[in-house]
Amino acid sequence: MRRRPGIGGLQTAAAARDSYRLLGENVAKLRTDLMKEQLSTFRSQLEDFARKHKNDIRKNPAFRSQFHEMCAKVGVDPLASNKGFWAELLGIGDFYYELGVQIVDICLATRPINGGLINLEELCKILRQRRKGAREAVSEDDCLRAISKLKVLGSGFEVITVGKRKLVRSVPTELKKDHNEILELSQAQGFVTVEEVERRLSWTTGRATDALETLLDEGLAMIDDGHRDGKRRYWFPCVSSVSSFVASETL
């Protein structure tokens with residue numbers, strides 16, 4: 001028959017639990033203090049690195065991207081403010097704010113053509129054309145960082161992924177699953193027909209027509225009826241090469 005522990009045994013067990021708890025708290029505090037010390041050291045080393053390589057960070061997009069990754073690992077955001085150490089040392093805060101303004105201008109200028117949805121690759125191409133002669137080269141990573149800052153400001157700008165492409169949206173149009181599937185399908189030729197959507201996506205005529213007409217109403221599609229087969233083609237400037245020519249002419 002098992003005996004119940006006496007009062008003395010219970011007190012001893014409680015004391016042991018308290019000791020283990022205190023020991024655990026002390027170990028956790030030591031680890032936290034050690035991590036804070038390590039992060040402080042990393043940040044100091046990061047500042048030294050930035051001073052040493054500031055010209056490469058400013059001029060080399062690939063190097064700049066790697067620098068941002070290092071910053072993220074130690075919880076430093078050089079773009080959080082255009083004032084302070086990072087802005088004074090590198091000037092990258094001003095660089096991204098300038099990119100953001102130029103991106104907004106390009107999106108507004110091309111909106112009558114693409115309905116407010118532009119291929120990220122095309123956006124970067126137009127941006128580079130605008131910045132010819134600028135000291136800093138611009139990469140897609142730079143564009144994405146500038147757009148992320150625009151999003152924080154509540155401007156409605158965001159990047160969406162459709163198939164293998166990234167598209168920048170500058171209007172509050174909500175794209176549903178059907179619309180995304182059509183946009184992905186159109187990437188092969190830049191356009192689709194109702195018949196192709198029916199066949200490739202196994203949709204009814206009504207479903208295909210409704211989704212395409214919605215995209216047309218939102219300004220994301222253009223129609224072309226000038227073909228011998230009589231089939232209407234729905235062109236999507238945000239994914240077709242036609243957009244590059246028209247956009248460059250507009251800008």
For Arg128 and Val138, work out which heavy atoms get closest and say how close.
-> NE-O, 2.9 Å
Could you check if a side-chain atom of Asp142 sits within less than 4.5 angstrom of a side-chain atom of Leu127, using non-hydrogen atoms only?
-> no
Is the shortest heavy-atom distance from the side chain of Val194 to the side chain of Trp203 under 4.5 Å?
-> no
Please examine the side chains of Ile160 and Leu117, heavy atoms only from C-beta on, and report whether any two atoms are closer than 4.5 Å.
-> yes
Any salt bridge between Glu121 and Lys125, counting N to O under 4.0 Å?
-> no
Is a side-chain N or O of Arg165 found less than 3.5 angstrom from the main chain of Val239, in a donor-acceptor match?
-> yes
Side chain proximity check, Ile118 to Cys238, heavy atoms < 4.5 angstrom = no
side-chain contact (heavy atoms from CB on, under 4.5 Å) between Ile147 and Ile103, worked out = CA-CA 8 Å; Ile147 293 168; Ile103 286 172; 4.0 Å; yes
Give a yes or no on whether Leu99 and Val101 share a hydrophobic cluster (residues Ile, Leu, Val, Met, Phe, Trp, Tyr; joining criterion: side-chain heavy atoms under 4.5 Å apart).
-> no
4.5 Å side-chain heavy-atom contact, Arg232 and Thr193 = no
Decide side-chain contact (heavy atoms from CB on, under 4.5 Å) for Leu201 and Glu181; before the verdict, give the C-alpha distance in whole Å, the side-chain angles of both, and the deciding distance to 0.1 Å.
-> CA-CA 8 Å; Leu201 301 179; Glu181 289 189 35; 3.8 Å; yes
Looking just at side-chain N and O atoms, do Arg131 and Gln102 make a donor-acceptor pair shorter than 3.5 Å?
-> yes
Arg130 side chain reached by Asp105 side chain, heavy atoms, under 4.5 Å = yes
Measure the spacing between CG of Leu144 and OG of Ser139 and express it to the nearest 0.5 Å.
-> 8.0 Å
Side-chain touch Val171/Arg111, heavy atoms, less than 4.5 angstrom = yes
Go through the steps for Tyr97 and Leu150 under the test side-chain contact (heavy atoms from CB on, under 4.5 Å), then give the verdict.
-> CA-CA 9 Å; Tyr97 294 133; Leu150 293 174; over 6 Å; no
Between atom NZ of Lys166 and atom CG of Asn119, what is the distance when rounded to the nearest 0.5 Å?
-> 10.5 Å
Do the non-hydrogen side-chain atoms of Arg233 and Gln189 ever get within less than 4.5 Å of each other?
-> no
Would you name the heavy atoms of Gly100 and Ala146 that are closest together and state the gap between them?
-> N-CB, 4.0 Å
For Val162 and Asn180, the nearest pair of non-hydrogen atoms, with its separation, is CG1-O, 3.5 Å
Please list, one pair per line, the donor and acceptor atoms closer than 3.5 Å that link side chains of residues 207-224 to other protein atoms, with sequence neighbours excluded.
{"from": "Arg207", "atom 1": "NE", "to": "Asp178", "atom 2": "OD2", "distance (Å)": "3.1"}
{"from": "Arg207", "atom 1": "NH2", "to": "Asp178", "atom 2": "OD1", "distance (Å)": "2.8"}
{"from": "Thr209", "atom 1": "OG1", "to": "Thr205", "atom 2": "O", "distance (Å)": "2.8"}
{"from": "Glu213", "atom 1": "OE2", "to": "Tyr234", "atom 2": "OH", "distance (Å)": "2.7"}
{"from": "Thr214", "atom 1": "OG1", "to": "Asp210", "atom 2": "O", "distance (Å)": "2.9"}
{"from": "Glu218", "atom 1": "OE1", "to": "Thr173", "atom 2": "OG1", "distance (Å)": "3.3"}
{"from": "Asp224", "atom 1": "OD1", "to": "Gly226", "atom 2": "N", "distance (Å)": "3.1"}
{"from": "Asp224", "atom 1": "OD2", "to": "His227", "atom 2": "NE2", "distance (Å)": "2.8"}

Side chain to side chain donor-acceptor pair (under 3.5 Å) partners of Lys132, counting only residues at least two apart = none
Can you tell me how far the OG atom of Ser186 sits from the CH2 atom of Trp235, to the nearest 0.5 Å?
-> 10.0 Å
Rounded to the nearest 0.5 Å, how far apart are CG of Leu167 and CD of Glu122?
-> 10.0 Å
Might you work through the side-chain contact (heavy atoms from CB on, under 4.5 Å) test for Phe157 and Val104, ending with a clear yes or no?
-> CA-CA 9 Å; Phe157 282 75; Val104 170; 3.8 Å; yes
